[in-house]
Number of protein chains: 2
Amino acid sequence: MPRIAAAERRALLLDAAWRVLLDHGVAGATTRAICAEAGMPQGSFHYCFDSRNELLTELAADLLPRELSAAAAAVVRGGSLVDTVHRALLAYWELVESEPQVHQVVYEITAMSLREPALADPAKVRYAAYPLAVTGVLEEIAAVRGIAWDRPVDVLARQVVALLDGLTLQFLIDADAEGARAALRACAEDIARHRRRVRYAAARATVRDGSVAP
Amino acid sequence: MPRIAAAERRALLLDAAWRVLLDHGVAGATTRAICAEAGMPQGSFHYCFDSRNELLTELAADLLPRELSAAAAAVVRGGSLVDTVHRALLAYWELVESEPQVHQVVYEITAMSLREPALADPAKVRYAAYPLAVTGVLEEIAAVRGIAWDRPVDVLARQVVALLDGLTLQFLIDADAEGARAALRACAEDIARHRRRVRYAAARATVRDGSVAP
DNA sequence: GTCTATACACCGATAGAC
DNA sequence: GTCTATCGGTGTATAGAC
């Protein structure tokens, strides 16, 4: 290898590691396999990383931005409230159906985080961010449509996160896309039922200042 | 060791393996560790099992009866419909809070099942049984209270399974029992909203023959 | 059958030539 | 810095003495 900056090597190894993870899982992501994927000798691994665990930790920390950028759910304006919620849920779900291995790896890393103290923190950060992201979407929907939710948004968000997480896990095992989509549709209906109408003027004001009416 | 029947040895090893799994996870459940836990020399492992994988497969197949016997949810008769549903959900949830490691191991085995063809089948059986078990509970509730659900029971069941699975996973990471219980309560309310009243005579008949009115 | 000793493979990490 | 060769450790599985 004709001389590469350490930072660039790091990036190459992280990319290679991600590809190996998708193909062979956490257990198969050995330093040897990663270096082979990157076209480097195994010994060069420790130029950039003190240990395999350091790479995995950095990779675990990268999961969140990766997911957030992918699931920047577009809140569509047209249609009924149910449709709006449903489309937001589908925006996530289509990622699951199109890239199941990605989510499989995420579960593997999550499971590993529960045993490996070094990975505990990224996992906690990630699972704290999920409900916040969903809360943001729910509040945006409420603002756009001039409604309020009749249940604390963080409770609604936690329900949604749990349901999506559970559906994803089940889908990885049974690959039953129809069943999952039926549950998704039903979930959208349930959420839409928690609309509480507010007076039109208040709704207008809500949209204007971006906050949500009580 | 003073001579033990092969079948008994098998049982001893399976028990020991389960204890090791709870303490050190799938990755830590090596044949050495399992035999040490069972008080046997490592070499004796292969008296009863051709391979470590065979033991894990058998153990994975044992998960379902273990869970079913534990979560034989008692459908309580008193109180409102919301309370009845809520208590059924809590019957499961209290197992999660009291024995989180058990569920952690189940997730690890599930994750492993997605990479190891030998374990794929037990996982599929298990995840097919979950919705069926919940369907049974929902139908029992409907029968006992003389109501019907206004949404296909299998869709409702799939929602419940996904939510419980997701909440469990999240709880393992953030240990936020309050948040989980709030979501659980909310879920009970949402399900109870799907009651559709039927005439009293029909309800009586429904209870008698054990089926559910359309 | 039971146990000890060991074979064989693979892992992460490092030493040392260039 | 780069790479090869190898160390020390651990894993599963097995061979062979008793």
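A, B, ... follow the sequence lines: proteins, then strands. Residue 1 opens every chain.
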Practice item. Write down the distance between CD1 (B/Ile34) and P (D/dG11), rounded to a whole number of angstrom. Key: 11 Å
Review point. Once you round it to whole Å, what is the distance between P of D/dG1 and CE of A/Met40?
Key: 14 Å
Review point. With distance as the sole criterion, is a donor-acceptor pair present between the side chains of A/Gln170 and B/Tyr130 under 3.5 Å?
Key: no
Study note, to complete from the structure: Residue set satisfying side chain to side chain donor-acceptor pair (under 3.5 Å) with B/Thr168, at least two apart, ordered chain then number -> B/Tyr92
Check your understanding: Using a cut-off of 4.0 Å on non-hydrogen atoms, how would the nucleic acid contact of A/Phe45 be classed: base, sugar-phosphate, or nothing?
Key -> nothing
Practice item. Run the salt-bridge test on A/Asp190 and B/Arg151 with the 4.0 Å N-O cut-off and return the result as yes or no. Key: yes
Review point. How long is the line joining CG of A/Asn53 and P of C/dG12, in whole Å?
Key: 11 Å
Check your understanding: What integer distance in Å separates A/Phe49:CZ from C/dT14:P?
Key -> 15 Å
**Study point:** Whole-Å distance separating the NE2 atom of B/His46 from the P atom of C/dT4
**Key:** 15 Å
Point to revise | Closest-nucleotide ordering on DNA chain C, the 5'-leading residue of A/Ser51 and B/Gln42 | key: B/Gln42
**Study point:** Closest to the A/Arg9 side chain, choosing from D/dA13, D/dA5, D/dT2
**Key:** D/dT2
Review point. Would A/Arg77 and A/Asp83 pass as an ion pair if we require N to O under 4.0 Å?
Key: no
Practice item. Flag the pair B/Arg193 and B/Glu189 as a salt bridge only when some basic side-chain nitrogen lies within less than 4.0 angstrom of an acidic carboxylate oxygen. Key: no
Point to revise | Rounded (10°) bend between the five-pair end axes of the helix from C/dG1-D/dC18 to C/dC18-D/dG1 | key: 30°
Practice item. Measure the distance from CG on B/Leu55 to C1' on D/dT12 and round it to the nearest whole Å. Key: 13 Å
Check your understanding: What is the distance from OH of A/Tyr47 to C1' of C/dT14, rounded to the nearest Å?
Key -> 12 Å
Check your understanding: Less than 4.5 Å apart, any side-chain heavy atom of A/Glu139 and any of A/Val153?
Key -> yes
Exercise for review: State, without any angle test, whether B/Thr110 and B/Arg126 hold a side-chain donor-acceptor pair at a distance under 3.5 Å.
Suggested key: yes
**Study point:** Test: A/Arg145 and A/Glu140 ion pair at under 4.0 Å
**Key:** no
Might you list the N or O atoms of the protein lying below 3.5 Å from N or O atoms in nucleotides 9-11 of chain C, with each pair's distance?
none

Exercise for review: Answer yes if the side chains of B/Tyr127 and B/Asp165 hold a donor-acceptor pair under 3.5 Å, and no otherwise.
Suggested key: yes
